[in-house]
Amino acid sequence: MNTIKVMTVFGTRPEAVKMAPLVLELARRPGIEAVCCVTAQHREMLDAVLDIFGLRPDYDLDIMEPRQSLSTITAKCLRGMDGVLEEAKPDLVLVHGDTSTTFAGALSAFYHQIKVGHVEAGLRTWDKWSPFPEEMNRVMVSDIADLHFCPTAGNRENLRREGCKGEAFVTGNTVIDALRTTVKESFSFPESVLNRLDYVNRRVILVTCHRRENYGQPMAQIMTALRRLADAFPDTELVYPVHLSPVVQEAAHTYLDGHPRIHLIPPLAVDGMHNLMARCHLVMTDSGGLQEEAPALGKPVLVLRRETERPEAVSAGTVQLAGVEEEAIFQMASRLLSDPAAHESMARAVNPYGDGQACRRIADAIQWRFGQRKEPPEEFGA
């Protein structure tokens, strides 16, 4: 049996969370030589995830610099990947999702005539400006990829509508696999305020807000709504791990500083975030990944965006689209805090994104595609 050399390429914390269990699954497989390359598009946050999962990359491009632009990230990734691919000579490069690292990694593999597999393929908003630059990153990677690993059947249908070539597999989302490693009943947070919170008698709202398209007026509206919620519901505690972006830091401290029940804390490591999510009452976020993770833990999600590339969660009832207008956000959150039945219906809805077996399905698909396995992989939801 010929060995398949599979290189995973990622650079941000969300990518690392979702790729780490896949890296470990590939490394366990006879017949696969797993190679890991990180770009470190996010340095500190990436390293924290690597430590949690015990990963040691074979290649580290270390591209991060202060106030880096999208052009800088893409160019440095492309230049760095040249040497890595020439040395490693993988049979397949796996990229994840929709970051600048994802696009540059796929494009570099194409330049070197190496097959590309796209994990978390087929997500779409159909608006190239939102999320920016993620929507166009993933669309362009879909045109390059040979293998598409789609979380849901709807994601695969998106690719078919666009006429994407290559083989598409419905696998579920690897982030659900990651939760099985990180969530622990006896978890102790490194942030002391989180250990002091009363998760039984108080309702903790987990907040994240960092997307580029929310910079400016949308972020101001979101922050104002959050402060109104804290004022209106005295039994709530808002916890906001504030992204390191200077724009986000400035907005968060301008609108939310000084409130006794709003806790602005540094970004959490992935295990801290997952364990806080497991203990909270409600999630309010503009993140993509949290829309998948929180429902797996039975937590309702209000999405602080105008659209979502994860419509399956809206259809399943685990997620509601709150938008970026102060009044709408306040009213939707108020309903979930005032109406126990509304909260319960979202908390009990079935998560459409996976069963914790996505990594096994992806590895099976790779081995089948390269002739190491006779049977095609089972599909999630089949």
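What you see is a predicted model, and the numbers here were worked out from it, not measured in a lab.
- Sorted by first and then second residue, the side-chain hydrogen bond (donor to acceptor under 3.5 Å, both in side chains) pairs with a member in residues 84-93 read Y59-E87; sequence neighbours excluded.
- Checked by atom type and distance alone, the side chain of T74 never pairs as donor or acceptor with a backbone atom of S71 at under 3.5 Å.
- For E25, the salt bridge (Lys or Arg N to Asp or Glu O under 4.0 Å) partners are R28, R29, not counting sequence neighbours.
- The backbone N or O of T152 lies less than 3.5 Å from a partner atom in the side chain of N155, making a donor-acceptor pair.
- Ion pair R228/E326 flagged as a salt bridge, since at least one NZ, NE, NH1 or NH2 atom sits closer than 4.0 Å to an Asp/Glu carboxylate oxygen.
- For the pairing with P218, the side-chain contact (heavy atoms from CB on, under 4.5 Å) check across E213, R305, R211, R306 returns one residue only, R306.
- In this structure R212 satisfies the salt bridge (Lys or Arg N to Asp or Glu O under 4.0 Å) test with no other residue, sequence neighbours excluded.
- Ion pairing between R310 and E120 holds under the 4.0 Å rule for side-chain N and carboxylate O.
- Contacts of R279 classified as salt bridge (Lys or Arg N to Asp or Glu O under 4.0 Å), with partners at least two apart in sequence or in another chain: none.
- With ring centers used as reference points, H343 lies under 6.0 Å from H281.
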Tell me which donor-acceptor pairs under 3.5 Å the side chains of residues 329-338 have, and how far apart each pair is, sequence neighbours excluded?
{"unit_1": "Q331", "atom_1": "NE2", "unit_2": "E327", "atom_2": "OE2", "d": "2.7"}
{"unit_1": "S334", "atom_1": "OG", "unit_2": "F330", "atom_2": "O", "d": "2.6"}
{"unit_1": "S338", "atom_1": "OG", "unit_2": "S334", "atom_2": "O", "d": "2.8"}

Start with the C-alpha gap between N214 and D286, add the side-chain angles, then the distance that decides, and say whether side chain to side chain donor-acceptor pair (under 3.5 Å) holds. CA-CA 9 Å; N214 279 342; D286 64 1; 3.1 Å; yes
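- Between R369 and E167, at least one side-chain nitrogen of the basic residue sits less than 4.0 Å from a carboxylate oxygen of the acidic one, meeting the salt-bridge criterion.
- Under the 3.5 Å distance criterion, with hydrogens and angles disregarded, a donor-acceptor pair is assigned to the side chains of H263 and E237.
- E157 pairs by the salt bridge (Lys or Arg N to Asp or Glu O under 4.0 Å) definition with nothing, not counting sequence neighbours.
- Interatomic distance, L94 CG to L26 CG, rounded to the nearest 0.5 Å: 6.5 Å.
- Between E135 and K128 no salt bridge is recorded (no basic side-chain N to carboxylate O distance below 4.0 Å).
- Partner of R124 under the side-chain contact (heavy atoms from CB on, under 4.5 Å) criterion, out of E307, E309, E162: E162 alone.
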